[in-house]
Amino acid sequence: MPASARRPFKRPRHVPATDYEVVIVGAGAAGLSAALVLGRCRRRVLLCDGGRTRNYPSPAVHGFLSRDGIKPQELLRIGHEQLQPYPTVEQRENCVTTASRDPLTGTFTLTLDSGREVTSRKIILATGVMDILPTIDGMHELWGTGVLHCPYCHGYEVSDQPVAVYGCDKSVAGFALLISRWSKDVAVCTDGWTKMTDHARHRLQRHGIALYEQPITKLVGYANKTLRHIEFQDGSTLPRKALFIHPQQKQRSDLAIQLGCRILQRNGSVAVDKRILTTVPGVYAAGDTTPAAQQALVAAAEGAQAAISCNEQLTREECA
Ligand SMILES: Cc1cc2nc3c(=O)[nH]c(=O)nc-3n(C[C@H](O)[C@H](O)[C@H](O)COP(=O)(O)OP(=O)(O)OC[C@H]3O[C@@H](n4cnc5c(N)ncnc54)[C@H](O)[C@@H]3O)c2cc1C
């Protein structure tokens, strides 16, 4: 490490004194990437994570340049390890429970679940989202292995296999047609929802996609948590290798709401501009928490962008 990296940051007098320059909440792909960029800017950073990343149940991360197929926990391990050379980045296994902004100084006070209070000049929210699965027996147990959410992440692994698409709203037909690029044997299961339009039914039929409208009672898997078959209320079963679903989601944390950030009505994500800045000055948001495509690589890219925007804004304030 160059000796200069250890030099303590000299705060200009007009810059408010805080414990950290940036607090990053969440250490998934977005938060780790932001911490790496800010560590290399020699910024005093606190990186807090109080739980598990969204893809925790999945056996592999796919489509991540140079890391295709890596276990999610291994990707995180490498991410944490590569922060070690940067002494200005402090990592804590803590949940951040509250955050507020002082309108006079523009600085932030955050409370950790340990009870510790910290102050910061900027915040990056990289807190991710939570998937809300339908309450069907077997759905939770098979999530990430036999029940999949994204063909870009896992479609290749079930190429040309019999698969199903779950959905009880009008988006299910489009989702099934997308999945049909990976397999010709696709079935749509609406779990009792019968209001599909004639147009959607014809489209499915035209592309050889079968429609099962009866309620599902359970998903039956193998010991390795891949899907064996779908069982319906009428007693029939449908053998499938995987079930694709677009679950409902909610934000993992309400910190953006606490801070007064604008939340998009259509999907509950945190609104950001092209610099990844939210509508509240000094609060950045990156990764699944924003409206961008929910992919680990995109989250990492947004984290890097948030860090660059943050560093440039800090610099502007210091050099005013
Ligand atoms: C089953 C599954 C499989 C997937 N497979 C792939 C794949 O193969 N390829 C791919 O590109 N993408 C995949 N994804 C999507 C990928 O997981 C997400 O895009 C990625 O994890 C987003 O990264 P993130 O950093 O925004 O959020 P996350 O990875 O979810 O990280 C957010 C972190 O913030 C922490 N946190 C939340 N609130 C707080 C708080 N208040 N205080 C402290 N910490 C907090 C959480 O504990 C979590 O660790 C998959 C998703 C799922 C559900």
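Values reported hereafter were calculated over all heavy atoms of this structure, with side chains retained and with hydrogens, waters and symmetry mates removed. Order of listing sets the numbers, starting from 1, for every ligand and every atom in it.
For the residue pair T53 and R252, no side-chain donor N or O sits within less than 3.5 Å of a side-chain acceptor on the partner. Under the 3.5 Å distance criterion, with hydrogens and angles disregarded, no donor-acceptor pair is assigned to the side chains of S309 and Q313.
Using a non-hydrogen distance threshold of 4.0 Å, E302 does not register as a contact of ligand 1. Within the structure, ligand 1 lacks P57 among the residues with a heavy atom less than 4.0 angstrom away. Every heavy atom of Y152 sits 4.0 Å or more from the atoms of ligand 1. Assignment of T289 to the shell around ligand 1 is not supported, since no heavy atom sits closer than 4.0 Å.
Applying the 4.0 Å criterion to heavy atoms of A30 picks out, from ligand 1, the atoms 25 (O), 26 (O). Less than 4.0 angstrom separates some heavy atom of G287 from each of these atoms of ligand 1: 26 (O). Taking every non-hydrogen atom of A126 and a distance limit under 4.0 Å, the qualifying atoms of ligand 1 come out as 32 (C), 33 (C), 34 (O). Listed by number with element, the atoms of ligand 1 under 4.0 angstrom from any heavy atom of G50 are 43 (C), 44 (N). The distance from ligand 1 to the heavy atoms of S253 drops below 4.0 Å at these ligand atoms: 38 (N), 41 (N). Set against the non-hydrogen atoms of C95, the atoms of ligand 1 under 4.0 Å away are 40 (C), 41 (N), 42 (N), 43 (C). Close approach of ligand 1 to A60 is summarised as follows: ligand atoms under 4.0 Å from at least one heavy atom of the residue are 8 (O). Taking every heavy atom of A299 and a limit of under 4.0 angstrom, the matching atoms of ligand 1 come to 22 (C), 23 (O), 26 (O).
The N/O atoms of L255, backbone and side chain alike, include none that comes under 3.5 Å of an N/O atom in ligand 1. Residue R54 has at least one nitrogen or oxygen atom sitting less than 3.5 Å from a nitrogen or oxygen atom of ligand 1, judged on distance alone. Of the polar atoms of A296, at least one N or O is found under 3.5 Å from an N or O of ligand 1, judged by distance alone.
Take Y212 and apply the side chain to side chain donor-acceptor pair (under 3.5 Å) test, not counting sequence neighbours, and it matches no residue. By the side chain to side chain donor-acceptor pair (under 3.5 Å) test, D273 is found to be paired with R275, residues two or more places apart in sequence or in another chain being considered.
For atom 40 (C) of ligand 1, the nearest non-hydrogen atom from the set L112, V25, V298 belongs to V25. Considering H62, E93, Q295, H149 only, the shortest heavy-atom separation from atom 14 (N) of ligand 1 involves H149. Between atom 46 (C) of ligand 1 and the options Q251, H154, R252, the minimum heavy-atom separation is to R252.
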| said: With side-chain contact (heavy atoms from CB on, under 4.5 Å) as the criterion, how do L211 and R201 come out once you've worked through the C-alpha distance, each side chain's angles and the decisive distance to 0.1 Å? | reply: CA-CA 8 Å; L211 183 58; R201 285 171 194 274; 3.5 Å; yes
| request: Start with the C-alpha distance between H62 and Y156, add both sets of side-chain angles, then the distance that settles ring-ring contact (aromatic ring centres under 6.0 Å, His included), and finish with yes or no. | output: CA-CA 9 Å; H62 286 288; Y156 190 85; 8.3 Å; no
| said: For T107 and T119: C-alpha separation, side-chain torsions, deciding distance, then whether side-chain contact (heavy atoms from CB on, under 4.5 Å) applies. | reply: CA-CA 7 Å; T107 60; T119 55; 5.7 Å; no
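A salt bridge links D185 with R240: the distance from a Lys NZ or Arg NE/NH1/NH2 to an Asp or Glu carboxylate oxygen falls below 4.0 Å. For the pair E141 and R228, the salt-bridge criterion is not met [side-chain N within less than 4.0 Å of a carboxylate O].
When non-hydrogen atoms are compared, ligand 1 lies under 4.0 Å from the backbone of R52 (N, CA, C, O) but not from its side chain.
Looking only at protein heavy atoms, the nearest one to atom 1 (C) of ligand 1 is G144 CA, 3.8 Å.
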